[in-house]
Amino acid sequence: MSSIKVECVIKEKNEVGESPVWEEKDSSLLYVDITGQKVSRWSSLTKQIESMNTEKLVGCVVPRQAGGYVIAEGTRFAFVDWVKRSITAVAEVNEKPNTRFNDGKVDPAGRFFAGTMSMDMKPDVVDAALYNLQPDHSVVRHFDQVHLSNGLDWSLDHRVFYYIDSLVFMVEAFDYDIQTGGLSNRRTVYKMEKDEGIPDGMCIDTEGKLWVACFNGGRVLRIDPQTGKRLQTVKLPAERITSCCFGGKDYSDLYITSAYIGMDAEALAKQPEAGCTFKVTGLGVKGIPPYSYTG
């Protein structure tokens, strides 16, 4: 097996870096800074970063087939025209006060799934929900009673939806109907161990294994969703690991975002790369290209 290398590739710090997406056409990484209220693109070729401010706290960004991007910000879905640097609201969700969109991803049929979270982030507050933006711009609410909606992805055969509600400290699975986007048969796939932190963003590799970012755990886990076993742990030089995606040539590199929010001067001195974005090479596995929203 090739040796694993962890490299800090985007040194510009994000307060809460999140939602990394690889853009194959120009070898760039798309991501957001949630509380910094911006969407950024980093070119792996020129190492340059282009950024655009959002109007609200932005949970995630995904590519749009028609061009530009779609974001889930505040309590709405919106289109981003990167050339004109403009944002156009598409649909608002009927959320309780003090909630906002968090992580999201496009399913294999082109629907944009994104969930919300309570800004209180207390274990007893379950005011959030999971939604999706349909290609016709209508919104479907799948379920509520969510603490902090986070990582999500689909199995390679598109029959299973994997999902993380961070404050229940587990990865869950649902049967998935690709025709309708319907979810059923909720079950547990993996329970976090004490030192692994809080499960955050997630992606899948070509072997059908899940990669889970661990907030306050300083690591990414590779999980086998069939057996519920942890297969691998990759340690990072930052504690607040937020999300991950595959990218680079043949999707063989793992890009990992992090945060420095809530860290004091002492913690930041010990973790000078907190808030940076990392690239892991030599894992010996590959990811799959992201899907684009079709609406």
Side-chain angles (χ1 to χ4, degrees), residues 10 12-95 99-117 130-140 149-153 201 203 242-247 255 257 259 275 277 289-295:
I10 306 178
E12 181 182 277
K13 296 170 183 283
N14 292 290
E15 194 170 12
V16 186
E18 257 287 5
S19 184
V21 184
W22 184 253
E23 294 193 281
E24 193 172 344
K25 66 182 186 300
D26 51 10
S27 300
S28 62
L29 189 73
L30 181 70
Y31 56 95
V32 303
D33 183 345
I34 296 178
T35 49
Q37 293 187 205
K38 65 181 178 181
V39 178
S40 297
R41 292 177 67 209
W42 170 78
S43 167
S44 67
L45 306 176
T46 67
K47 315 301 181 195
Q48 297 299 305
I49 300 170
E50 290 180 277
S51 295
M52 178 179 162
N53 291 330
T54 58
E55 296 169 14
K56 305 167 187 287
L57 295 176
V58 55
C60 54
V61 59
V62 296
R64 186 184 179 197
Q65 208 169 67
Y69 308 110
V70 196
I71 54 174
E73 62 163 6
T75 54
R76 72 181 188 181
F77 291 101
F79 291 148
V80 175
D81 186 320
W82 194 257
V83 177
K84 295 179 180 174
R85 292 291 197 270
S86 65
I87 294 173
T88 308
V90 181
E92 189 87 22
V93 297
N94 185 20
E95 276 290 289
T99 54
R100 67 159 174 86
F101 268 117
N102 198 43
D103 206 357
K105 197 168 281 184
V106 179
D107 86 339
R111 307 174 186 95
F112 180 17
F113 276 71
T116 54
M117 60 174 277
L130 180 73
Y131 300 88
N132 84 262
L133 180 67
Q134 298 279 81
D136 67 1
H137 304 176
S138 64
V139 174
V140 175
S149 191
N150 229 320
L152 60 171
D153 217 327
C203 67
T242 54
S243 194
C244 54
C245 79
F246 282 93
Y255 285 92
T257 50
T277 302
Y291 302 106
S292 295
Y293 174 70
T294 55

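In this text the structure is predicted, and so the values were computed from the model without any measurement.
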A.B. asks: Salt bridge (Lys or Arg N to Asp or Glu O under 4.0 Å) with Lys56: which residues, sequence neighbours excluded?
C.D. replies: none
A.B. asks: Which atoms form the tightest heavy-atom contact between Pro63 and Tyr291, and what is the distance?
C.D. replies: CG-O, 3.8 Å
A.B. asks: Using side-chain heavy atoms (C-beta onward) and a distance below 4.5 Å, is Val80 in contact with Val61?
C.D. replies: no
A.B. asks: Taking only residues two or more places apart in sequence or in another chain, which ones pass ring pair (Phe, Tyr, Trp, His ring centres under 6.0 Å) with Tyr31?
C.D. replies: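 Ring pair (Phe, Tyr, Trp, His ring centres under 6.0 Å) check on Tyr31 returns nothing, list empty.
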A.B. asks: Apply ring pair (Phe, Tyr, Trp, His ring centres under 6.0 Å) to Phe112 and list each qualifying residue two or more places apart in sequence or on a separate chain.
C.D. replies: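 Partners of Phe112 under the ring pair (Phe, Tyr, Trp, His ring centres under 6.0 Å) test: Phe77.
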A.B. asks: Look up atom CD1 in Ile34 and atom CD in Gln37, then write down how far apart they are to the nearest 0.5 Å.
C.D. replies: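 Result: 11.0 Å between the selected atoms.
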A.B. asks: Taking side-chain hydrogen bond (donor to acceptor under 3.5 Å, both in side chains) as the definition, give me every residue that meets it alongside Thr35, ordered by chain and number, with sequence neighbours left out.
C.D. replies: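 For Thr35, the residues satisfying side-chain hydrogen bond (donor to acceptor under 3.5 Å, both in side chains) (neighbours in sequence not counted) are Glu15.
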A.B. asks: Output yes when Lys13 and Asp33 qualify as a salt bridge under the 4.0 Å nitrogen-oxygen rule, no when they do not.
C.D. replies: no
A.B. asks: Under the side-chain hydrogen bond (donor to acceptor under 3.5 Å, both in side chains) test, which residues partner Glu92, sequence neighbours left out?
C.D. replies: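 Glu92 satisfies side-chain hydrogen bond (donor to acceptor under 3.5 Å, both in side chains) with Thr75 only.
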A.B. asks: Do Phe246 and Trp22 have ring centres separated by under 6.0 Å?
C.D. replies: no
A.B. asks: If we only count heavy atoms from C-beta on, is the Asn132 to Val139 side-chain gap below 4.5 Å?
C.D. replies: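 Asn132 does not reach Val139 side chain to side chain.
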A.B. asks: State which residues pass side-chain hydrogen bond (donor to acceptor under 3.5 Å, both in side chains) with Thr116; sequence neighbours excluded, sorted by chain then number.
C.D. replies: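 Expected list: Glu95.
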A.B. asks: Output, in order, the C-alpha distance, side-chain angles, deciding distance and verdict of side chain to side chain contact (heavy atoms under 4.5 Å, CB included) for Leu30 and Val39.
C.D. replies: CA-CA 7 Å; Leu30 181 70; Val39 178; 3.8 Å; yes
A.B. asks: Once side-chain contact (heavy atoms from CB on, under 4.5 Å) is applied, do any residues pair with Pro135, and if so which ones, sequence neighbours excluded?
C.D. replies: Arg111, Thr294
A.B. asks: I'd like to check the ring pair (Phe, Tyr, Trp, His ring centres under 6.0 Å) partners of Phe79; sequence neighbours left out, ordered by chain and number.
C.D. replies: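 With neighbours one apart ignored, the set is His137.
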A.B. asks: In Å and rounded to the nearest 0.5 Å, what is the CZ to OH distance from Arg64 to Tyr69?
C.D. replies: 13.0 Å
A.B. asks: Hey, which of Asn150, Asn14, Thr257 is the one that makes side chain to side chain donor-acceptor pair (under 3.5 Å) with Thr242?
C.D. replies: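 One option only clears the test, and that one is Thr257.
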A.B. asks: For Lys25, what residues pass the salt bridge (Lys or Arg N to Asp or Glu O under 4.0 Å) criterion, not counting sequence neighbours?
C.D. replies: Glu23
A.B. asks: Please name all residues satisfying salt bridge (Lys or Arg N to Asp or Glu O under 4.0 Å) with Asp153, sequence neighbours left out, ordered by chain then number.
C.D. replies: Lys105
A.B. asks: Any donor and acceptor pair, going by atom type alone, linking the side chain of Ser43 with main-chain N or O of Ser28 inside 3.5 Å?
C.D. replies: no
A.B. asks: List for me each residue that meets side-chain hydrogen bond (donor to acceptor under 3.5 Å, both in side chains) alongside Arg100, sequence neighbours excluded, and say none if there are none.
C.D. replies: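 Listed in chain order: Asn102.
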A.B. asks: Holding to salt bridge (Lys or Arg N to Asp or Glu O under 4.0 Å), I want the full list of residues that pass it with Arg76, two or more places apart in sequence or in another chain.
C.D. replies: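 So Arg76 forms a salt bridge (Lys or Arg N to Asp or Glu O under 4.0 Å) with Glu55, Glu73.
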A.B. asks: State, yes or no, whether a side-chain contact exists between Glu12 and Trp42 at a heavy-atom distance under 4.5 Å.
C.D. replies: no
A.B. asks: Report yes if the side chains of Ser243 and Glu18 come closer than 4.5 Å at any heavy-atom pair, otherwise no.
C.D. replies: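 Of all side-chain heavy-atom pairs linking Glu18 with Ser243, at least one is under 4.5 Å.
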